[in-house]
Amino acid sequence: MVRHHEPGPRAPRPFPYDRVDVIVVGAGPAGIAAAVAVAEQGRRVLVLDEGLDVGGQIWRHRDRSHVPQIARRWFARLDESSAIVSCGVSVVDLRHDDGAVAVVAERAGEGHVLRASRLIIATGARERFVPFPGWTLPGVYGIGGAQALLKQGTSFAGRRVIIAGSGPLILPAAASLAAAGARLALVAEQAPPPAVRRFALGLWRRPALIAQAARYRLAFAGTPYRTGQWVTRADGDDRLRSVTITDGRRTRTIACDVLCTGYGLVPNTELARLAGCETANGAVVTDGRQQTTVPGIFAAGEPLGIAGVDAALAEGEIAGRYAAGAVSVPAAVVAQRDRARAAALALEAAFALRPDVRALAEPDTIVCRCEDVPLSALDPAWSAREAKLYTRAGMGPCQGRICGAALEHRFGWPRDTVRPPILPVSLSTVLHAPSAASASLTPSAP
Amino acid sequence: MPDAGATVSIVADGRRVRVPAGTTVASALLDLGVTAFRRSVSGTPRAPLCGMGVCFECRVSIDGQAHRRACLVPVADGMTIVTGDAP
């Protein structure tokens, strides 16, 4: 692997090449598997990622000795491959034409145009947040957000922490925060006890997962773990001071420094939608070869719907092989993908959001954090587009990534269309890079 | 990978401090006790939410470049950081 990491804002060097066979966006499990597969087919592949290092969110690390063995194996395969990996890079725009793709990438405020014949979208997922009174206070983190900050080196030692949300991320987050010396006051899952029990029983075919869950629970054994309870509000001044929790009948307020909250994951589909790839139910549509509805553009992992690391690895490998021109993939890899996708459906059913959680925001609760738009400013009869036009909700720097999913839940508004650049970029990138990308696809006159 | 225990020198809101190498600006600021990374359009304090570059709540000025996502930038020796809450 050629590592080309230029994270700092100073003196970015130009990319060593601007033309490869395949560009992979995202260096999580799906992107790594895709890049390795492309390289093994003898094709030139460039992997771009916004993070500090490869691994995505699930394999985020500062020290490789701290990641699971399977992650170390994939990191080693990537290292040994001919793939070029460039971290600290955001893909903000793209152009495509039959057999040619040009992406606009920004690194440390500088725009670059990178070209390839094929594109693999492995952009992962983000957390789903539900607005509630007090959710903008410093000290309120996503569950995955706190995990990410912990892995970046943030100290949570001695902090009084409440975890309240939904989904399988809760257990590993609680375990790692407890191991880091946080004082966990409560771990709460909004899903009702029978749903969580049914889900746990359904795991009998996957004993490794049961053992893993038991290990996590043991790691925060001194803290109550409650199902059927959820956070209704957070209070504080310049930062979080307390959290109110309910089971629908009784509520109580608990003093704390940190609240970790979040309600499962949302596929990152912005780049795919910008490329014109079809989506269904918020997820990118692909065929059996992982090709999207746009020829030459493939997708793998969470953008196709939340299914976890096993699906991501299999889909990455399949996408990589076909993008590199292979005519088949091993049947075992296809079987792994199909198994993991089927298991994901059970997860979604178990952690369905209760209506109470959708309705937590009060009239003066800010729903769009970028533009400080309160719930009362929005008319349920509008669309996401109208909300943008009338209130600027969804028009701030996050471009609706946080409030879009929340409003989809509250009002049933489908997500608005995406427009380039899909992330805020410097003026010089806006002015020069997109036209350069378009020009690069036009055969120049002799 | 930086050595365990290695540090770099940064200037955060005018304060020169040593922070662990290999950490992000977001992580360094949180450990320095910074609560408000920025003020929202109506003036309320904001700090990291997602930790992965999605929410833009942690944006600060780094070496003169405004609106950089603190959770995506590793600390570097000599780096100057200004939060939206700087005096």
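Lettering of chains follows the sequences in order, A, B, ..., and the numbering in each one begins at 1. Just so it is clear, the structure is predicted and the values come from calculations on it, not from any experiment.
With values rounded to the nearest 0.5 angstrom, B:Leu29 atom CG is found 10.0 Å from A:Thr154 atom OG1.
Your options are A:Gly153, A:Ala148, A:Ala146, A:Gly396, and the one with the most heavy-atom pairs under 4.5 Å with chain B is A:Gly153. Residue with the most contacts toward chain B among A:Gly124, A:Gly142, A:Ser90, A:Pro138: A:Pro138 (heavy-atom pairs, distance under 4.5 Å). For the options A:Leu149, A:Asn268, A:Thr136, A:Thr261, heavy-atom pairs under 4.5 Å to chain B are most numerous at A:Thr136. Chosen from B:Gly64, B:Ser42, B:Ala36, the residue pairing most often with chain A at heavy-atom distances under 4.5 Å is B:Ser42.
Looking at B:Asp31, its side chain does come within 3.5 Å of a backbone N or O of A:Ser155 through a donor-acceptor pair. A donor-acceptor pair under 3.5 Å is absent between the side-chain atoms of A:Arg60 and the main chain of B:Met52, judged by distance alone.
At a cut-off of 3.5 Å, with distance as the only test, a side-chain donor of A:Gln152 or B:Thr24 sits close to an acceptor on the other residue.
At a 4.5 Å heavy-atom cutoff, the contact between B:Leu30 and chain A is made by side-chain atoms alone. Contact annotation for A:Ile402: only side-chain heavy atoms (C-beta onward) come within less than 4.5 Å of a heavy atom of chain B. Only the side chain of A:Phe129 comes within contact range of chain B, with heavy atoms under 4.5 Å apart. Only the side chain of A:Arg239 comes within contact range of chain B, with heavy atoms under 4.5 Å apart. In this structure, chain B has a heavy atom under 4.5 Å from the side chain of A:Gln57, while its backbone stays farther away. For chain B, no part of A:Ser426 is nearby; none of its heavy atoms comes within less than 4.5 Å. Residue A:Ile366 touches chain B through its side chain alone, counting heavy-atom pairs closer than 4.5 Å. Neither the backbone nor the side chain of A:Leu150 comes within contact range of chain B; no heavy atom of the residue lies under 4.5 Å from a heavy atom of that chain.
Within the 4.5 Å cutoff, the side chain of A:Pro424 has heavy atoms near those of the B:Phe56 side chain. Residues B:Leu49 and A:Arg369 form a side-chain contact, since some pair of their non-hydrogen atoms from C-beta on lies under 4.5 Å apart. Side-chain contact between B:Val54 and A:Cys398: absent, with no pair of heavy atoms (C-beta onward) separated by less than 4.5 Å. For the pair B:Ser27/A:Lys151, no side-chain contact is recorded, criterion being any heavy-atom separation below 4.5 Å from C-beta on.
Using a 4.0 Å cut-off between charged nitrogen and carboxylate oxygen, A:Asp372 and B:Arg39 do not count as a salt-bridge pair.
Closest of all the heavy-atom pairs between B:Cys55 and A:Cys370 is O-SG, 4.4 Å.
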